[in-house]
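Everything numeric here is computed off the predicted structure, so don't read it as measured data. What's counted below: heavy atoms across the whole structure, side chains too, no hydrogens, waters or symmetry copies.
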Amino acid sequence: MSVLEESPPDGIGGLYPFLYAGRTDMDSALAEANRSTAEKAAEIVRLRRRMAEESGAELAECAEEMALRFTSGGRLFTFGNGGSSTDAQEVATTFLHPSHGRPLPALSLTSDVAVVTALSNDVGFEVVFARQLAALARPGDIAFGLSTSGGSCNVVQAFEEAAHRGMLTVGLAGDQGGRLAELDLLDYLFIVPSSSVHRIQEAQTTVYHVLWELTQHALDSISVPRGHRSG
């Protein structure tokens, strides 16, 4: 088989060290790639199982609270940065345009480029989500924020604004939860216990899809709106 001898671009060698460790036999490189892929797949399976065991009951409770708010006319607002911004958009789309089940009112606060850039430029990026909630949200709505580190300042400020407005607050974070874990105003916080951004985001994807499924089931069981969760 052929060998790989070229020096990698800056940063690439750290991502794929088995491809750039000197003269590498292609069979060995492919074997290492297969081993790495299998390890990552096994890790995310373990994380998902752990999340189900440790957070399953709380996920079901959160879904019931979300269903109550949707039944009473509440809307879902999602937000996050970077990859979490993409996830926030997927959360909103999943609720608003589901493949099955009932569509629910949802809006991603990262989708309107004009609003995001105007607030970032004119006011400050740390308030880019909080200012949108101040303009759009009302008591009984749902704030759904994602952060792999849990330390995003604009996500934290958005939750502070959401709590002030009487919204249901639902956060997704990773590792130890960062600043989100230090807040005493979140109704629900689901922390993926991993230091890998990739595994965190994969597990968070599972969490919010499970929340959507559970919310749909909860909506089916609600005939008359009940009182909202206090606190």
Side-chain angles (χ1 to χ4, degrees), residues 44-45 47-49 51-113 115-116 129 132-133 135-148 155 158-159 162 165-174 186-192 198-229:
I44 187 57
V45 168
L47 272 175
R48 286 167 173 156
R49 181 176 296 115
M51 290 296 295
E53 293 172 350
E54 296 181 356
S55 303
E58 192 172 13
L59 282 167
E61 179 186 313
C62 178
E64 290 179 358
E65 293 295 332
M66 292 176 68
L68 287 172
R69 281 155 179 76
F70 282 125
T71 301
S72 300
R75 302 160 299 167
L76 174 66
F77 294 92
T78 66
F79 45 91
N81 299 285
S84 296
S85 170
T86 302
D87 285 334
Q89 292 178 30
E90 184 181 1
V91 174
T93 301
T94 297
F95 279 82
L96 185 61
H97 298 294
S99 58
H100 62 277
R102 69 181 74 182
L104 299 165
L107 174 68
S108 170
L109 300 183
T110 69
S111 297
D112 192 326
V113 176
V115 171
V116 170
F129 304 134
Q132 291 187 72
L133 291 179
L136 300 172
R138 57 185 181 234
D141 287 336
I142 305 163
F144 194 106
L146 304 96
S147 172
T148 54
V155 173
F159 277 130
R165 293 185 171 276
M167 302 174 71
L168 179 71
T169 51
V170 183
L172 271 64
L186 286 176
D187 294 302
Y188 296 96
L189 177 61
F190 301 101
I191 301 174
V192 179
H198 308 293
R199 303 296 85 76
I200 292 169
Q201 290 183 323
E202 289 167 354
Q204 287 182 342
T205 299
T206 300
V207 168
Y208 61 70
H209 278 288
V210 167
L211 267 177
W212 172 79
E213 289 277 2
L214 292 173
T215 300
Q216 290 287 331
H217 285 298
L219 285 167
D220 290 338
S221 67
I222 296 175
S223 57
V224 178
R226 298 173 291 169
H228 291 170
R229 174 178 174 164

Query raised in the report: Are N81 and S147 side-chain neighbours, meaning at least one heavy-atom pair lies under 4.5 Å?
Result: no

Query raised in the report: Is the shortest heavy-atom distance from the side chain of V192 to the side chain of R199 under 4.5 Å?
Result: no

Query raised in the report: Quick one: does Q216's side chain have a donor or acceptor within less than 3.5 Å of a partner on G101's backbone?
Result: no

Query raised in the report: Is any side-chain heavy atom of F95 less than 4.5 Å from a side-chain heavy atom of P105?
Result: no

Query - With D141 via salt bridge (Lys or Arg N to Asp or Glu O under 4.0 Å) - residues at least two apart - result: R75

Report summary line: Output for pair (H217 NE2, E213 CD), nearest 0.5 Å, gives 5.5 Å

Query - Student check: side-chain heavy atoms of V170 and D187 closer than 4.5 Å - result: no

Query raised in the report: Looking only at heavy atoms, which two atoms of A143 and A162 are closest? And how far apart?
Result: CB-CB, 3.5 Å

Report task. Measure the CG-OG1 distance between L68 and T215 for me, rounded to the nearest 0.5 Å. Result -> 10.0 Å

Query - T78 and E90, any side-chain heavy atoms less than 4.5 Å apart - result: no

Report summary line: With F129 as partner, the option from F79, F159, F144 fulfilling ring pair (Phe, Tyr, Trp, His ring centres under 6.0 Å) is F79

Report task. Determine the minimum heavy-atom distance between C62 and F190, stating which atoms define it. Result -> CB-CZ, 4.0 Å

Requested in this report: Mind checking salt bridge (Lys or Arg N to Asp or Glu O under 4.0 Å) for E58 and listing every partner two or more places apart, or none if nothing turns up?
Outcome: none

Report summary line: In terms of heavy-atom contacts, A67 and I222 come closest through CB-CD1, 3.7 Å

Requested in this report: Looking only at non-hydrogen atoms, find the nearest pair between L96 and A106 and report the distance.
Outcome: CD2-O, 3.8 Å

Requested in this report: State, yes or no, whether a side-chain contact exists between V91 and L76 at a heavy-atom distance under 4.5 Å.
Outcome: yes

Query - Separation between CG of L146 and CG of D87, rounded to the nearest 0.5 Å - result: 6.0 Å

**Report entry** Donor-acceptor pair between Y188 and E65 side chains, under 3.5 angstrom
**Finding:** no

Query - Heavy-atom side-chain contact between P103 and H97 under 4.5 Å - result: no

Query raised in the report: So how far is it from Q201 CD to L172 CG, rounded to the nearest 0.5 Å?
Result: 11.0 Å

Requested in this report: Write down the atom of R69, the atom of L168, and the distance for their closest heavy-atom approach.
Outcome: NE-CB, 3.2 Å

Requested in this report: Provide the closest heavy-atom pair for G174 versus Q204 in the form atom of the first, atom of the second, distance.
Outcome: N-NE2, 4.2 Å

Report task. To the nearest 0.5 angstrom, please state how far the CD1 atom of I191 sits from the CE atom of M51. Result -> 8.5 Å

Query raised in the report: Between CG of L107 and CD of Q132, what distance do you get to the nearest 0.5 Å?
Result: 7.5 Å

